Enquirer: 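Just dropping this structure here.
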Amino acid sequence: MEYNHSEVEKKWQQYWAQHKTFRAENGSAKPKFYVLDMFPYPSGAGLHVGHPLGYIASDIYARYMRHKGYNVLHPMGYDAYGLPAEQYAIQTGTHPAVTTEKNIRRYRAQLDQIGFSYDWDREVRTCDPTYYKWTQWTFIQLFNSWYDKKSEKAQPIQKLIAHFSMQGNAAIDAACAETPLFTAEAWTAMNETKQQEILMNYRLAYLAETWVNWCPALGTVLANDEVKDGLSERGGYPVERKMMRQWSLRITAYAQRLLDGLETLEWSESLKEMQRNWIGRSEGAAVNFKIKNHPYTLEVFTTRPDTLYGATFMVLAPEHDLIQTLTTAEQKKEVDQYITRAKNRSERERMSEVKTVTGVFTGAYGINPLTGDEIPIWTADYVLSGYGTGAIMAVPAHDSRDFAFARHFNLPILQVVAQPGEKMSDPTTWKDSYDAKEGIMVNSGHINGLEVKQAIKKIIQHIEEQNLGHGKVNFRLRDAIFSRQRYWGEPFPVYYKNDIPYVVDESTLPVELPEVDKYLPTEEGEPPLARAENWQTAEGYPMETNTMPGFAGSSGYYLRYMDPHNENEYFSKQAVEYWQQVDLYLGGDEHATGHLIYSRFWNKFLYDLGKTVTDEPFKKLINQGKIQGRSNFIYRINGTRQFVSYNLRHNYETTALHVDIHIVHNDILDIEAFKKSREEYAHAEFILEEGKYICGWEVEKMSKSKYNVQNPDELVEKYGADTLRLYEMFLGPLEAHKPWDTSGIEGVYRFLKKLWKLYHNENHEFTISQETPTERELKILHKTIKKVEEDIRRFSFNTAVSTFMICVNELTAIQCNKRAILEPLTILISPYASHLAEELWHQLGHSQTIEYEAYPEFIENYIQENTFEYPVSFNGKTRFKLELPLELKTSEIEIEVKQAHETKKWIEGKQIKKIIVVPGRIINVVVA
RNA sequence: GCGGAUGUGGCGUAAUUGGUAGCCGCGCUAGACUUAGGAUCUAGUGCCGAAAGGCGUGGGGGUUCGAGUCCCUUCAUCCGCACCA
């Protein structure tokens, strides 16, 4: 038969589904390997050609590992909660579950036709009650836990309560909100409300008034990673700061562990660096400033305690708690105005005005704890409420922001660090502050003359002794806001009694998402769940009306795959002890500061609980590059219906228009198709070059409006899944971003046909020889085994595809159709062109799937050579080749080179100074 | 501003340890077969040059017998973070 990709691929996809070829067993004599793809949100648009890139790579790896004798877990599922389905529901009234189900079906059909080796029996969907039961369960555990800094792990809240009633909270070192000290007696005397309030300060899932990113257009708050440049990541709507009562996860408790854990991970340096920046650890000191005429102290955080003597003023964030209290009557009006203005500006406005210096004097004075000087307290929005304490000591001489502020408002500037050998000058004449952490302290009392680094140590020691402050590590990472005022998400397993939140009993899980009449907030502005009838417990207590955010369901999905049908627990001990963690995780780097941090946190928390067995969820991670669109353009001569070909366009005034890539082949426009595409083009005229209309092109985002979207279905239909799989890999290194361009796909298709022809004669009949292979044939095979396996191990799939091409070219050239060569070759290529390999394997007379055949073993002997064709270079430039036996000694080679008749020409009267011989590599003759 | 990455033919790319730069594919050129070709096959194809040869991995400099690879410097592009005290 002729190579018919549709027939072959359909046949084997059915076979795999029927035989459950890719089923993974929990527990096996084989070693385990867990290969995971980031599961997709099933959008209405379906998969485009960029999605499968990572899936194909991981699939090749999974199949390779099966050949290598591993028990491979390779599952797939859906991140099924999400805004688009809900937005659609608001517009049309269609239940998001219906839309989601429809989209999932389409995704599944698209995935199936590419021939992935997923164990579909393990599919999970985050919106499925049997799945989100465990998301809710984890929330309950978080609610019932606190973070003990002494043992550096989460502990049961009961333990904390027991401690409070025995000893109060003095001896507790917890990650918590600021909580006044209390004794055991005081604790016992508190009523339920008060006790719950205090516990809330400690819980890892807690309800609190916090500044949130409020997105009015979406009607919900967003987490920090869901906001990009002051706009919502989904939809691009403006975001503002708002104080709201919200559920949060105390991820900051894990900041240090999240940072330290990175060291153990095989992730790209850039991704780890992104996480490090996001966590944002900085070392410094907390320093207390007394306030003139007030009983309060202001705590500030600084990374430069050494410059304390140079602090000439203080600045509070406009949101700072003490502002109203400290502001004097004379300044009140101005301060109020400033605060109101700061509040009403959107995040985006605030960010775009970063360069503008604004601020107002409060009228209050702080006291420099070292000098006793009175220094003015200002408020300005360059100080962020969310970082440190929302208050700073300003050292204008050594901080560029403080410097700009001091200059603008004419505040004093005092130099306290000098560069070695610097000529002292008046800092008010400086062009810039001196921020570097190098130099010698001046004007700084008892630390004068010290190096900055020593000065920092000394001053921390000093302020600790004097009770003025202490050394402190600060993180940029914020607690994760965990409530959304939306419908399509996990309901909280929470109800309210006297306005105090309680979690439901675990036995009542899952708390199922109720039906509502509309997917909109209520008239009172409550979230959509407030519309649900009887949204209350059996006892009549109202249920929480917020739902969980997108990252709730995706934070632990990789664990559920290990034991997806377990009704009694998240996953069994036996399952997690077997699968441990994800060995290889593939996905986009857009999840760097979202999903990949939250999952690590989730996993660490479950680790503290003794549920997971490794501290990190994803051992090795590869970020596949984004596939961008490649748009084509045509050039209309302004005011006409004439279109001019690309290279002639500069002779006219033209406008470039996007043209559908489907009617352009290798940048040549299909004019007839174009004329038919739209009525207005029916009478278009063309100015051609060499009889063709050449289109321009540009790399852009793949989008409908740019007519450059390529979906895999049409390619699978035309060339088959195997071609698509190979071509996506052939495009370039997996991690590189690259434009999608189908012009090379024919080459890959030709390659597969050529491969097929090795097994078939000119009449398309399967013909295989049983003859013993020649040395030459064995060499081709084993060279290929070696290279392909090396490539796959370093995730270099593009070079592996080239290697197959070289192999097939060489075997074709010598017309090799020997079983002894082709059988191993079939196994080698089966992770890549899986359907074709199954078919050939079947034709070779096997009745079982090829999937579990042992990977061919590389045998060194077959590729060994007796001679080597040495490149002979003179002063580093290659001039000719010289074939010599490999066993020749260096000295013998030198003689051969000197005798070679071409050598004379390149010496031309000059002297041979030296001959460098690298055996088996190169000969270099140095002449002068 | 800080951090990360990337620069190689007309295009996508390869060169794993400092050792033949341009493998493989696209495109292009010529030819064969064909009613036809967006099919198949053969040959050629980094640039300049008739050739000999010269020049070539963003630019400049360095180390080395030898540099795409190492060092310094500079430019360009992309990505992330960004008043984080």
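Values reported hereafter were calculated over all heavy atoms of this structure, with side chains retained and with hydrogens, waters and symmetry mates removed. Just so it is clear, the model here is predicted, and its values are computed rather than measured. Letters A, B, ... are given to chains in the order of the sequence lines, protein chains preceding strands, and every chain is numbered from 1.
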Enquirer: Please check the phosphate of B:rG25 (OP1 and OP2 only) for any side-chain N or O of A:Asn809 closer than 4.0 Å.
Expert: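 So the side-chain polar atoms of A:Asn809 do come within 4.0 Å of the phosphate oxygens OP1 or OP2 of B:rG25, strictly under.
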Enquirer: Looking at B:rG12, I'd like to know if its phosphate oxygens (OP1 or OP2) sit under 4.0 Å from a side-chain N or O belonging to A:Ser743.
Expert: no
Enquirer: When you check the side-chain N and O atoms of A:Thr799 and A:Asp791, is any donor under 3.5 Å from an acceptor?
Expert: yes
Enquirer: Assuming nearest nucleotide by heavy-atom distance, tell me which of A:Phe868 and A:Lys787 is located more 5' along RNA chain B.
Expert: A:Lys787
Enquirer: Looking for any heavy atom pair under 4.0 Å, which part of the strands does A:Glu790 touch: base, sugar-phosphate only, or nothing?
Expert: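 The residue A:Glu790 makes base contact.
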Enquirer: Please state whether the phosphate of B:rA21, meaning OP1 or OP2, lies under 4.0 angstrom from any side-chain nitrogen or oxygen of A:Thr878.
Expert: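 Yes, such a contact exists.
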Enquirer: So does A:Arg750 get a side-chain nitrogen or oxygen closer than 4.0 Å to the phosphate oxygens (OP1/OP2) of B:rC26?
Expert: yes
Enquirer: Scan every strand shown for a Watson-Crick or G-U wobble partner of B:rA14, both distances under 3.5 Å, and answer none if you come up empty.
Expert: none
Enquirer: Output yes when at least one side-chain N/O atom of A:Arg793 is less than 4.0 Å from OP1 or OP2 of B:rU16, else no.
Expert: no
Enquirer: Heavy atoms only, 4.0 Å cut-off, all strands: where does A:Pro733 land among base, sugar-phosphate and nothing?
Expert: sugar-phosphate
Enquirer: Check the distance between B:rU40's C1' and A:Leu755's CG and give it to me in whole angstrom.
Expert: 17 Å
Enquirer: Parallel under 30°, tilted from 30 to 60°, perpendicular over 60°: which one fits the rings of A:Trp378 and A:Phe409?
Expert: tilted
Enquirer: Please classify the nucleic acid contact of A:Lys881 as base, sugar-phosphate, or nothing, using heavy-atom distances under 4.0 Å.
Expert: base
Enquirer: What nitrogen or oxygen pairs link the protein and nucleotides 64-72 of chain B at under 3.5 Å?
Expert:
{"residue": "B:rC65", "atom": "O2'", "partner": "A:Asn924", "partner atom": "ND2", "Å": "3.0"}
{"residue": "B:rC65", "atom": "O2", "partner": "A:Asn924", "partner atom": "ND2", "Å": "2.7"}

Enquirer: Relative to the ring of A:Tyr3, is the ring of A:Tyr749 parallel (under 30°), tilted (30 to 60°) or perpendicular (over 60°)?
Expert: tilted
Enquirer: Just the rounded figure in Å: distance from P of B:rC79 to CD of A:Gln275.
Expert: 20 Å
Enquirer: At under 4.0 Å, does any side-chain N or O of A:Asn277 touch on OP1 or OP2 of B:rC2?
Expert: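 Result: no.
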